[in-house]
Every structure is written in structure tokens, then in C-alpha cells.
2 protein chains.
Amino acid sequence: MRNKGKATSFDIAYLAGVSQPTVSRALRGSPTVNEQTRQRILQIAHELNYKVDKNASNLRNQQSGTLALLFFEDPTLDDSLINPFFLSMLGSLTRACAVQGYDLLISFQQLSSNWHVEYEDSKKADGLILLGYGDYLEYVSRLELLVEQGTHFVRWGVVLPGQPGVSIGCDNLQGGRDMTRHLLEQGRRNIAFIGHASAHYPEFLERYKGYSQTLEGAGCSVRAELQIDAFTTERSGYDAVTELIERGIEFDALFCASDLIAIGAMRALADRGLRVPQDVAVAGFDDIPIASFTNPSLTTVQQDTKAAATLLVESLLALIREEPVQSHTIPARLAIRQSTMSS
Amino acid sequence: MRNKGKATSFDIAYLAGVSQPTVSRALRGSPTVNEQTRQRILQIAHELNYKVDKNASNLRNQQSGTLALLFFEDPTLDDSLINPFFLSMLGSLTRACAVQGYDLLISFQQLSSNWHVEYEDSKKADGLILLGYGDYLEYVSRLELLVEQGTHFVRWGVVLPGQPGVSIGCDNLQGGRDMTRHLLEQGRRNIAFIGHASAHYPEFLERYKGYSQTLEGAGCSVRAELQIDAFTTERSGYDAVTELIERGIEFDALFCASDLIAIGAMRALADRGLRVPQDVAVAGFDDIPIASFTNPSLTTVQQDTKAAATLLVESLLALIREEPVQSHTIPARLAIRQSTMSS
DNA sequence: CTGAAAGCGCTTACAG
DNA sequence: CTGAAAGCGCTTACAG
């Protein structure tokens, strides 16, 4: 059924009785080709099941029609576990690329590795989408390098002034404010913040700032002992809340910097016999799919991955076209569920 | 910082005072290159931040170093929702490809579209990994076409005798048996099967067969009214169980053909005031991440996506090397949680 | 409207 | 151990 080698434009040219460049023109829809000739060529191409060799056309055009998604995982994480939020993002990104006619190459990166250039320089991708990172302060120097090298890239993450490159992130500050206000409205007064609040984790820091500002605005003091470090795993959330309890600090609500932390937090509470939401209200951030299925279901902050993905891809394509591109913040929205509702 | 065009092997050759082919050899580790010369070339390549142009080397080598993951979605599904099981699979596949030094291109396909050839024929990928499908009977004719065309592909899904191409699947039959036995051991006697049981959905059918065989083996009759059609969404599970209840059929356990169905089933039970597991035991299949977090946590059948992904990638690479490859079934394992435990 | 020519950046026989 | 040559399959000025 299939010939030895696959059909090339020369085969078609031969069968159509025209030159190979004419085949190329006809296939690419050049208006200069005679309509009859084009039809004949199209017909033959179809019969031969011909497909343009992308390696050849990319080589010639000096581009790839592909975007690379570089996925940075914290090496401390369990090998088999991927942050579910990133997984949602991946689904949205794939669709957004397809809409634009681009392929998406995906790659899991170790933070330590020398990832910055590979893809674009080797012409496997026209640009990079960066998702996730460990420590922002280390990461940002890599971004500077990328900018310096003229690599086309966009990243998902907090938007900060003076930041190298283009970032698309959600409004973490607003999300932090809204959630804190919600907890106050539920009558909670001793709200702990579970998550790192340092420049190393700027998304968390923004969420923390939203929390602090809202507390202050409501006349509540921001107490340092109510903030416990945690990074975004269940285990870390569990440990942080256990520590909070063991220190004997009183609290009636936990604002967790991520859903994964919140899930660990809920386990820790359950293990100590504390009820959610009666004894302690628990809120998360991200709205990962699991959040609707925890017991009780988890109040959280929704990030619109579909909008984010569209914006990421469109920004990257604009960058590739050498158009000016701005960083962007998309709104965050509360998803209120049972875990924070005082009945 | 960066020169106009990126460095090519000619630039390196010029600087190293050798010919371009020698650069190519040195870079590819040919043993015929003088060690000193090689060192010099490597050094210069590094300074220029040189990367081999993949389009050029792929064109020359007639291969791509890339595998394509074609992801078929049932068009009836919500646009933003991806089956979480496939998402886990995706994570595992990405890693398995990386281990083998291949890139993974991912693509969401509409079932209707003309997907079968594109990737390999256009030299964007050396082979295809197929994940998901709607109706098996339609799908299988596509597989035949792929085989006929000599396309290199493997698929995740049930392994059936006489099936075209190579499939890697879990032991659905055994999983169905084990789960049914578990439910019987918990003292359940009226076990309903929620999910399609037809050749259109052969994974479900195998699970159903395991269920039937085990019931019969235990001297229980298999009653047709205890099987309700459902495909793998929460909504479908909800509807099926609602129907079961409305028909007034008695049951004390639900064996759901997938976790998504089980989650919908649990909602339907809750809406009718039925308690899990006291009134009704509920079991699923897949062990998606959410399964541990439902209330109560969901007993299910685990499919080892890591093993599956490794096998899929290795089989595909063997196929590409024109080695003989067999379909394979990997074991399924029970994950017993609260939803089926009679206390 | 169409063809002859050049060239994208590699890799690999073939000579030496 | 190294170079000159050919060629992978396309696209696009340039001529006509």
C-alpha cells in the first residue's frame, strides 16, 4: 500500500507534468498558480497521501511551528506526582496552541539542568512557555539570561515590576484579599496563613500581602505566629498545621496558600479531632479538580487556566513576531464551598 | 549578545580551522576525530552557544527524535474537562519519553478528524501513541488503516485477540473480578454494574465480564436489570444511578466502570439520602487522584500508569526500529478505601 | 503563470 | 585523521 519512501513534491511534479516548485506553490495556495493545474496537483497529492516534510520546510523557513512547554518541577516532589493545577494548565495550553495551529512539545525539566536554550536554539521550537519553578530568586536570574539571549518566552507566574521577560499571572493579591474578607465575613477572627511568605515564593507572598492588608483594613492585627511556612504539597501542609497546633496557637480559620496545602491541613485537623468548618474554616488557592471532592468541599480561589493559556500562547506568538508584549494579570475568583461556611 | 543568525557548524569550522564535516563528526562523538581537534571544536561550540539545528539533522537523518501523543476526546465531553486518568498517563508518558531521549508532541484530536497520518508522514514524529477514543468499533477501523499504511503506533487500551496493531492495556477482566470478589466479601449481594457493557466500550465490557464471572462463580445470578449504561463522566454516573433508584431496583453495592462514574454515583446516592458505605458500597476503576479525596474515599482499581507509559514508549521505539512487538497486559490492583468497607 | 537555480544546515559515504 | 561532494525535501527570489 505504501511505497518505499514517502511521496515527495518531485513525485507529484512528475505525475502532474509540472516542475517541483509549481507543486510547492500550488500546495501552499499561491495565487499565481493556474486553477486547473492546482486542482490536478491537489488531486495527485491526495492520491499519494502526500504530506509536506516539516523538517524540510522548517529548515527552509527557519522556524518550527512548534512551541515548547518547559515544566519545572521541584525536585523535592514525589516523582509520580504532578501538581494538579499545572495539569489543568497543560490541558488548556494544548488547546490554545491547537487553535493557533502550533504544536506543543512538552518537557519536564529538572531545575538544576541547563534548560534555558536548548529548544529554541536547536530550532525545535519557536518559543518557550515556562511553567513552575522552585525558588523564584534563583529562577529570575535564568530569566535574565533568556532575555539577554533573545529567546522568545513567556511564563506563568506572578507579575512583578521590573521583572525580566513577559509573565502572565493571576491577581494573587486580590485573591488573597477576597478570601480573607470572606473568612472575616464568616465571623473568623484568628485566621492563620499557611504557606511561605517570602520573596522566594512571590505568588504566596502576594497572597499573604492580600491577607495582611485585609486584616489590617478590618482593624485586626497581623500576628506573626499565625503564619507558618509551607510549600505546595499535602505533606507540607500537614506538617505546618501540626506545628501550629502543637505550639498551642489559637486559630479558627486557615487560609492555605494552595489547595494541596489545604488538603494536607484538613488531614492534620481531622487527625487532631478538629472539625471543618465548625471548629476551623479552611480555604485554599488554585481550585484544582480535587477541591470539589474533599470532605468537606474546599473553598478556594479560582484561576482561569483557559484564559491564562490563551493569553500565554498569544503573547508568545506576538513575541515571536517581534511585536511588543506586556505582562498581564488575570482576575482571581472565589469559589466558595463548604469548608468555610459557618452554618 | 547574540549574533544575527545563530552559529552554524560552518562558523565553528572557520574558527577551529577545520572543515565543517569535521565539526559535525567531533560533535557527534565520532572516534575518528583527533582528540585535540575535538576538544578545540567542543570549546568553540560551547563559546558560541552552538546547538545542532534539529530541522537540518532530522531532514538529513530522515527521522525526528519525537513521538506524538494523540489524545482523543469524546466530543460529548465538556470542553475544559480532561479525564484525570489520561492526565496521569500524560505525566508518566512525558517522563518515559525523556528517559529515552525523545521529545513528546501532544495533540488533542477530534474523533471526527482525519488524524491517522499527519504526524508521521509529515516527519514531525517517528511514531504515535494513541490515548482514548469514543466508540471502539469505529476506532478499530482507523487502526486497521494505520497498520495498512505502515504507521508506527501503539495505543493504550484493552488487549483483544486479532486486534490491529500493538496495544498496552491493564487487565480489566482481572480488575473486574477482584473488585467483585471484594464486594462479595464485604457481604454485598445485590451488586449493580454501572457502565456500558458492549463491544463499543471493550474496557468496560471486560470489567463487566469479570463482574459476571465472579458472581456466577459465587453462585449469585447475574441480573440484567442490575447493569445500567453509563460512559465515563460524572454526569453519566449520576444519571445512571438515579435511573436505577427510580426503577425501584434493590441494590447494596455499585461497581462503577470508572472513578468518574463512581463520583457521580455517590452524588446521586447522597441526593437520595443513601449513605456510603452503610447503605450502598461504591467502587470505581482507574484510581484517579480525586479517588482518595472523595467522601468517603473511593475504593477503586489501580492502573499503573508509570509501568504503562514505559511499556508504551519502549514498544513504540521497538516498532520504529522494526523489531517485532507484542501487545501487553499489565496487572490491575485493588485500592481499598472507605467507600466499600462495611464496618 | 511557470521553470531553473540557490540554499536552509546538517550527515555520511568516498577519497586520500 | 580529514576534506570535497552529494543530498535530505522544501521555498522563494529571479527570469521569462
Side-chain angles (χ1 to χ4, degrees), chain A residues 3-42 44-45 48-66 118-126, chain B residues 3-42 44-45 48-66 118-126:
Chain A
N3 324 345
K4 261 299 131 46
K6 294 175 185 164
T8 72
S9 51
F10 283 91
D11 299 326
I12 298 175
Y14 176 78
L15 291 170
V18 297
S19 73
Q20 179 274 333
T22 298
V23 172
S24 178
R25 287 186 199 103
L27 261 22
R28 316 203 66 254
S30 159
T32 70
V33 176
N34 175 287
E35 193 49 33
Q36 271 190 29
T37 314
R38 158 185 280 105
Q39 288 308 330
R40 191 151 31 95
I41 289 171
L42 255 37
I44 296 170
L48 295 186
N49 202 3
Y50 171 80
K51 295 289 174 306
V52 171
D53 184 317
K54 283 295 172 187
N55 289 137
S57 66
N58 289 342
L59 173 59
R60 174 58 229 235
N61 292 329
Q62 296 293 85
Q63 45 119 54
S64 69
T66 299
E118 284 299 328
Y119 283 91
E120 192 172 345
D121 282 359
S122 65
K123 303 274 174 58
K124 278 155 85 170
D126 299 332
Chain B
N3 323 343
K4 263 297 133 47
K6 294 173 187 165
T8 72
S9 51
F10 283 91
D11 299 326
I12 299 175
Y14 176 78
L15 292 171
V18 296
S19 73
Q20 180 272 333
T22 298
V23 172
S24 179
R25 288 187 198 102
L27 259 24
R28 314 201 66 253
S30 159
T32 71
V33 175
N34 176 287
E35 192 49 34
Q36 269 189 30
T37 314
R38 158 185 280 104
Q39 288 308 331
R40 191 150 33 95
I41 289 171
L42 255 36
I44 295 170
L48 295 187
N49 201 5
Y50 172 80
K51 295 286 174 305
V52 171
D53 183 317
K54 283 295 174 188
N55 288 137
S57 65
N58 289 343
L59 174 59
R60 172 59 229 234
N61 292 330
Q62 295 294 85
Q63 47 118 58
S64 70
T66 299
E118 284 298 329
Y119 284 90
E120 191 172 347
D121 282 358
S122 64
K123 304 274 173 57
K124 278 154 85 169
D126 299 332

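The sequence lines fix the lettering, A, B, ..., with proteins before strands; numbering per chain opens at 1.
Between B:Thr8 and the phosphate of C:dC8, there is no side-chain N or O to OP1/OP2 separation shorter than 4.0 Å. Between A:Ser9 and the phosphate of D:dC10, there is a side-chain N or O to OP1/OP2 separation shorter than 4.0 Å. Regarding contacts with the backbone of C:dG9, a side-chain N or O of A:Gln62 is found under 4.0 angstrom from either OP1 or OP2. The phosphate of D:dG3 has OP1 or OP2 within less than 4.0 Å of a side-chain N or O from B:Ser19. At the phosphate of D:dT12, neither OP1 nor OP2 sits under 4.0 Å from any side-chain N or O atom of A:Ser24. Contact annotation: B:Asn61 side-chain N/O to C:dT12 OP1/OP2 distance is under 4.0 Å.
With the nearest nucleotide of DNA chain C identified for both A:Gln20 and A:Val33, A:Val33 has the one nearer the 5' end. Between B:Pro21 and B:Leu59, the residue anchored closer to the 5' end of DNA chain C is B:Leu59, taking for each the nucleotide with the nearest heavy atom.
Distance CD (B:Gln63) to P (D:dG9): 14 Å, rounded to an integer number of Å. Note: CZ (A:Arg28) to P (D:dG9) measures 18 Å, nearest angstrom. Put simply, CG on B:Leu27 is 16 Å from C1' on D:dT2, counting in whole angstrom units. Straight-line distance from the CD atom of A:Glu35 to the P atom of C:dT2: 11 Å, rounded to whole Å. Straight-line distance from the CG atom of A:Asn58 to the C1' atom of C:dC10: 14 Å, rounded to whole Å. Atom pair A:Asp53:CG and D:dG7:C1' shows a separation of 13 Å (rounding to whole Å applied).
Interatomic distance, A:Leu27 CG to A:Ser57 OG, rounded to the nearest 0.5 Å: 11.0 Å. Here the CZ-CG distance, from A:Arg60 to A:Asp53, works out to 14.5 Å after rounding to the nearest 0.5 Å. The structure places OG1 of A:Thr22 at 12.0 Å from CD1 of A:Ile12, a figure rounded to the nearest 0.5 Å. Interatomic distance, CG of A:Asn58 versus NZ of A:Lys123, reported as 10.0 Å (0.5 Å rounding).
The residue B:Thr32 sits close to a base: some heavy atom pair falls under 4.0 Å.
The side chain of A:Asn34 approaches C:dC1 more closely than any other nucleotide in the set D:dT11, C:dC1, D:dA4. Of the candidate nucleotides D:dC10, D:dC14, C:dG9, D:dC14 has the atom lying nearest to any side-chain atom of A:Arg25.
With a cut-off of 3.5 Å on both pairing distances, the Watson-Crick or G-U wobble partner of C:dA15 is D:dT2.
Looking at B:Phe10 and B:Val23, their side chains never come closer than 4.5 Å, going by heavy atoms from C-beta outward.
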